[in-house]
Structure formats: structure tokens, C-alpha cells
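Worksheet for the structure shown next.
All figures in this text were calculated on a predicted structure; none of them were measured in a lab.
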Amino acid sequence: MSLSFFLDKPSRHRRLGTPQMADNGIRRFFYESFPNTRSFVMEQNRKLAQVHTVRPESSQDQPVPYGELGMAIDYRIRYYFATTPYTELVAFGGVRRHMQTLDRTYSLPPTLISWFFEDLERFLGQVNPCGRALGRVQERQLNRYCFVLALFEQLFRITPHPKNLLFAQKNISTVTDLLSIADDLWIDDLGSLSNRFYEHQREHLSDPVHLNPTFTGSGDIGGADADLILNKCLLDIKNTVTPKITNTMLYQLIGYALLDYEDEYHIDKLGIYLARQGKTLQWDLNELLDRLHTDTPAPPLAELRHQLKNTILTTTGTYQPQQQTANE
């Protein structure tokens, strides 16, 4: 499970066969604590009404894999800031979790996966993508690596499924085979999104950043990792073709900030970067909480974090009231 799982609409839980989650306490916590989302969401979406959207070209052979492209551009954007060791990537966790299944069922041996990550490390060392734009050939190659990383990350998020593009091609035996999975049109699309990010955010590429951060409360919710925290702004990257935000997007961002129980990251802003529009929406955290709360100011951040923690533990059945000692 994850935070997004608990924020899903009741109808989706019924489709997934989890009707007991249709009125779960975690979802209810956000809707009751921050009910004033409608006018705020409408206000923000009005700002997005006229923005230009970069759309991928489609081929007659294959539909555009928007989910995979969304994960891939997340990786590409993070490489503008730092080259995270591959053992710390969610993608590596995905293949490590399902190593035996990949080998026995889909003929992707551990040696091939090791070659891929070693090749990725060598390539990153050669091109040094941090803080700068790459040439066209290097950019395309890096985006091919990022697309494969996205396919590997799917194995972490979702149980291996034959529809995963990793398994659409037969006889994958080399790193070149893996890098060839992505259609040229998809690589062109990733290049456009990457260039747009660099154009809009280049002045921030040397700013303090935490990539793929997890939080003190992530374990309580079954796992929660954000895209990045840049200059104390918790930033979520969205690849949507339709430029809009929803209350669920806001609740997920707020949820991440509240899961930082000990205020490790000192988050003071929340934001959404719309990759296909090159547009960033950013809000002061405390002002947003007050705006989305009831007619009175929101409780202090520490209190909200305590409330969410108790709600999570109660909902998941792990809450244990603190016992008083004999001396209290």
C-alpha cells in the first residue's frame, strides 16, 4: 500500500476489490481537515487554461505509454541535479525484488540487469549530466536509459505483468536490446520535455535538493517517496497532457509534508511541476493549509503531523495508545 492507495476514490477501491477501503480513515482525514479545495483548485486551473502543451507524436503501431514516459522524465529531471548511485534507485529495488521471476518467467537474467546498471554508471560518468544541457546524441541515449529505469520502477510499484513493455520484445539478451525498447518517437518526446525543464529551471540546478526523498512516516503508510525537495519546496512532477490539478494531487503533497514527522526536511513550500507545459505552481505550505482548512486557521504543522500519524496507525490497525508508567 501507499499514500495514493489510501487517497483513491471509493469507486476505484471497489473495482480493485478492496471495498473496506471505500471510507477509510486516512482519506477521510484529508477531506475533513482540508475541505476548502474546490475554489482553490478552480482558481489554479484557470491559470493553466491557456498554457501550451507538448504532446508526443503517436505511431500506428503502438499507443503512447504515458505512464512510462512520466516515470522516465522524473529520472531525467533528477539527473540534472545529481547522479544517484544505482543501488539507491527505486528502479533497482524493483528488479531486485523480482529477480527470480524476471529470470525464470521472462528470460531477463541477473547478469543482464547488472550489465545494464554498470553501463548506466559508466555513461553517467562520461557525460556528467548534472547542471547542464547535453548534446543531442547524449541526450537521446540518457533518455533511453531513463525509459528502461521507468520499466524497472514499474516492477517496484506493480507486480510484474506481461503488459510491461520489458516483456513485449522477445530475445532481449544485451543492454542494447533493453535500450532499444523505447520507440524513437518516445525518445523525441522525452528530449522535448527535458529541454523544456532545462529552459525553465536552469537557474535552480545548483540549489539545495533532496531527490526521491522518503519520510519518517513513510513506513507507517506502506511506502511514500516524493519526486524531489528543491529549496525546501516539496515538488511533484506531473506528465499530464491535460494541464490541471485536482484535490487528490494537493492531498498527496500535503500528506508527504505531514509524513515528515520530525521536520527533517524543513519543508516550507509545496509545488507541482507540469512537465508537458513547463509550468510550476508553488504555494507556501502554512498559507495553503490555512486556505484549505475550515473558516479558522489550520492547526500547527506539528499537531497535524501527530493527527495524521494516529489516523494512519488506527486505520492500518497498528495504533497502540501510550501506557502510563507507575511514576506518572
Gap separating the [atom1] atom of [X] from the [atom2] atom of [Y], nearest 0.5 angstrom:
| X | Y | atom1 | atom2 | result |
| --- | --- | --- | --- | --- |
| L178 | L149 | CG | CG | 10.5 Å |
| S218 | L259 | OG | CG | 6.0 Å |
| E153 | Y75 | CD | OH | 3.5 Å |
| N36 | L288 | CG | CG | 11.0 Å |
| L151 | C146 | CG | SG | 11.5 Å |
| E203 | S206 | CD | OG | 9.5 Å |

Can you check side chain to side chain contact (heavy atoms under 4.5 Å, CB included) on K269 and L285, steps first, answer last?
CA-CA 5 Å; K269 295 180 289 292; L285 174 57; 5.8 Å; no
Non-neighbouring partners of D188 that pass side chain to side chain donor-acceptor pair (under 3.5 Å), sequence neighbours left out:
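For D188 the side chain to side chain donor-acceptor pair (under 3.5 Å) partners, ignoring immediate neighbours, are R140.
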For residues [X] and [Y], is any side-chain donor paired with an opposing acceptor at under 3.5 Å?
| X | Y | answer |
| --- | --- | --- |
| T294 | T296 | yes |
| E139 | S194 | yes |
| D177 | T174 | yes |
| W283 | Q44 | yes |

What I'd like to find out is whether the side chain of [X] reaches to under 4.5 Å of the side chain of [Y], using heavy atoms alone.
| X | Y | answer |
| --- | --- | --- |
| K309 | R305 | no |
| L102 | L155 | yes |
| T84 | N212 | no |
| Q277 | L48 | no |
| D220 | T316 | no |
| D268 | H266 | no |
| F92 | P85 | no |
| F147 | L69 | yes |

Dump the intermediate steps for side chain to side chain contact (heavy atoms under 4.5 Å, CB included) on R144 and D184, then the final yes or no.
CA-CA 9 Å; R144 288 194 177 278; D184 285 343; 2.5 Å; yes
Check: [X] side chain, [Y] main-chain N or O, donor-acceptor pair, under 3.5 Å:
| X | Y | value |
| --- | --- | --- |
| T240 | P243 | no |
| D236 | I272 | no |
| N195 | G191 | yes |
| D183 | L185 | yes |

Mind running side chain to side chain contact (heavy atoms under 4.5 Å, CB included) on R291 and S39 for me, showing each step along the way?
CA-CA 10 Å; R291 172 75 183 272; S39 61; 4.1 Å; yes
Is there a chain of hydrophobic side chains (I, L, V, M, F, W, Y, each step under 4.5 Å between heavy atoms) that links L230 to Y80?
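Yes; tracing contacts between hydrophobic side chains, which count when under 4.5 Å, links both residues.
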If you group Ile, Leu, Val, Met, Phe, Trp and Tyr by side-chain heavy-atom gaps below 4.5 Å, do M71 and F116 land in one group?
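No; F116 is not reachable from M71 via cluster members.
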Mind checking whether F152 and Y86 have ring centres under 6.0 Å apart?
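Not under 6.0 Å, so no.
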For this output row, return yes or no: ring centroids of Y256 and F215 closer than 6.0 angstrom.
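Between F215 and Y256, which both carry aromatic rings, the centre distance is below 6.0 Å.
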Take atom [atom1] in [X]; do more than 12 heavy atoms of anything else shown fall under 6.0 Å from it?
| X | atom1 | answer |
| --- | --- | --- |
| E303 | CD | yes |
| Q307 | CD | yes |
| H200 | NE2 | yes |
| Q100 | CD | no |
| R202 | CZ | no |

Aromatic plane relationship, F81 with F197 - under 30° parallel, 30 to 60° tilted, over 60° perpendicular:
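Aromatic pair F197/F81 classed perpendicular.
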Tell me whether R76 forms a cation-pi arrangement with Y79, defined as NZ or CZ under 6.0 Å from the six-membered ring centre and within 45 degrees of its axis.
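Pair R76/Y79 does not count as cation-pi.
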Which atom names give the shortest non-hydrogen contact between [X] and [Y], and what distance separates them?
| X | Y | value |
| --- | --- | --- |
| V41 | I245 | CG1-O, 3.3 Å |
| L235 | D227 | O-CB, 3.5 Å |
| A82 | C130 | CA-SG, 3.5 Å |
| G278 | Y273 | CA-OH, 3.5 Å |
| K244 | N45 | CA-OD1, 3.2 Å |
| L234 | A226 | CD1-CB, 3.5 Å |

Please evaluate residues W186 and L165 with respect to the criterion side chain to side chain contact (heavy atoms under 4.5 Å, CB included), reporting the C-alpha separation (whole Å), side-chain torsions for both, the decisive distance (0.1 Å), and the verdict.
CA-CA 13 Å; W186 306 342; L165 290 172; 4.0 Å; yes
For the side-chain hydrogen bond (donor to acceptor under 3.5 Å, both in side chains) test, which of T242, D189, T53 pairs with R276?
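Between R276 and the candidates, side-chain hydrogen bond (donor to acceptor under 3.5 Å, both in side chains) is satisfied uniquely by D189.
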Only pairs under 3.5 Å count here: list side-chain donor-acceptor contacts from residues 118-128, not counting sequence neighbours, and write none if there are none.
| from | atom 1 | to | atom 2 | distance (Å) |
| --- | --- | --- | --- | --- |
| D119 | OD1 | R122 | NH2 | 3.0 |
| D119 | OD2 | Y145 | OH | 2.5 |

